[in-house]
Amino acid sequence: MKIIFLGHNPIQAALIAAHIYLDKLPSLEQPESLEKLPYRDLLLGPLYIGSDSKGNQVYTLGGGKDLWMVKRSIEDLRNILSFAAGDLLVESVSTRGDRILGWLSKVPPFLGGRHLNLLARQILWRFQHRVLEELVARVKPG
Amino acid sequence: MRVRLLKIIYHCYGGAHSSVIAAALHLKWIEKHRLPTLEEMMAIPYYDKTDNGDFGSIRFMGIDESGNEVYVLGKKGMGEKYTHILMGVAKIMGREDDLIAVDCLNRVNWSMKLGGFLSRRMGLIFPGRPVLVRGTRKAFLTLVNLVETVRLKSLRGSGV
């Protein structure tokens, strides 16, 4: 099964949820592989984060403002491609911190947008995971 | 050679105008060599008939002469990013080669935007629809061009 944590962007709440699911937290550090990537490069499709003990592959995905809309499209696409609900699970993840990151991403690079974005990511990462454990419990059996 | 049947999704802001016209062109429901009339456009399923509850829903339009399934989708202002999302999900499912997602939003002109906003968002069929139809006719040839490109791509993708 593939599990997609769908956030406003793929590298904040959704990424933390994926890490909680994979038992990689508690950790206050962002994964090194994602830390330096430009924000916009991360918005182009599902990001593979890891696999659980049962072989389920976990991804994060950025869906912009309207997560319900993207979730519906992915579920429709799953049906169109003739996959069962158990083959692909999409779970929306949203916190206020993601919105802040979204706003900062609109600051152009010449005004320090990239640095602001990286700084905000590091700060938000330290606080968001506390509110996501309950959500992940819905996805994670037992 | 085995022929692969594709799923082709045309997407635009509301899934009610440019994507629907593109799908209708793809399915040859309207002729590409002349501008469609109001009656012809209104006869196309979903043309100027969707509401806010339809956003994100991938709706079946028909099957083309090669057997490919054609769909339409409204994705608000997300533009080309939606193509990346759909293709990315298909890729992780191992079905990237079976899907073509086509952004029609960049073919939409101001008359279509204004007319679509008045008709769908504000519920003002008049004057929204006449403005919309005028805009659709102005954008028609660019949509024909887009669909022809997609049809060629689908022929290559399906192994024909």
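Numbered from 1 within each chain, the chains take letters A, B, ... in sequence-line order.
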* Please report the closest heavy-atom contact between A:V70 and B:M78, naming both atoms and the distance. =>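 Looking at all heavy atoms of both residues, the closest pair is CG2-SD, 4.2 Å.
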
* Give a yes or no on this: more than 12 heavy atoms of other residues, nucleotides or ligands lie within 6.0 Å of atom CZ of B:R151. =>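 Above 12, so yes.
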
* May I ask you to check whether over 12 heavy atoms, not counting those of A:K71, lie within 6.0 Å of atom NZ? =>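 Atom NZ in A:K71 is crowded, with more than 12 foreign heavy atoms closer than 6.0 Å.
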
* Taking only heavy atoms into account, what residues of residues 20-54 of chain B are found under 4.5 Å from chain A? ->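 From residues 20-54 of chain B, the residues near chain A are B:N52, B:G53, B:D54.
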
Shared hydrophobic cluster, [X] / [Y] (ILVMFWY, side-chain heavy atoms < 4.5 Å):
X	Y	value
B:W110	B:V108	no
B:V70	B:I100	yes
B:L118	B:V133	no
B:V131	B:M122	yes
B:L114	B:L143	no

* Asked: Can you name the one residue among B:L99, B:I58, B:D98 that meets side-chain contact (heavy atoms from CB on, under 4.5 Å) with A:I80?
  ->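 Result for side-chain contact (heavy atoms from CB on, under 4.5 Å) with A:I80: B:I58.
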
* Kindly determine whether B:V89 and A:V90 satisfy side chain to side chain contact (heavy atoms under 4.5 Å, CB included), including the steps that lead there. => CA-CA 11 Å; B:V89 171; A:V90 187; over 6 Å; no

* **Segment of A:Y48 engaging chain B (4.5 angstrom heavy-atom cut-off)** =>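 Nothing of A:Y48, per the 4.5 Å heavy-atom cut-off to chain B.
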
Kindly compute the distance separating [atom1] ([X]) from [atom2] ([Y]), expressed to the nearest 0.5 Å.
X	Y	atom1	atom2	value
A:S73	B:I85	OG	CD1	8.0 Å
B:R95	A:R78	CZ	CZ	14.0 Å
B:K76	A:D66	NZ	CG	3.5 Å

* Asked: Is the backbone of A:L77 close enough, under 3.5 Å, to the side chain of B:K7 for a donor and an acceptor to pair up by distance?
  ->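 Such a contact is absent between B:K7 side chain and A:L77 backbone.
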
* Asked: Does any heavy atom of chain A fall under 4.5 Å from the side chain of B:M93, the backbone, both, or neither of them?
  ->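 It is both, since atoms from each part get that close.
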
* Which bit of B:Y71 is near chain A, if near means a heavy-atom gap under 4.5 Å: side chain, backbone, both or neither? ->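 Looking at B:Y71, just its side chain touches chain A.
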
* Contact leader toward chain A among B:T83, B:L73, B:L86, B:I9, where contacts are heavy-atom pairs under 4.5 Å ->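 Most pairs with chain A among the choices: B:L86.
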
* Asked: Which one of B:A90, B:S57, B:G88, B:G74 has the most heavy-atom pairs closer than 4.5 Å to chain A?
  ->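 The answer is B:S57.
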
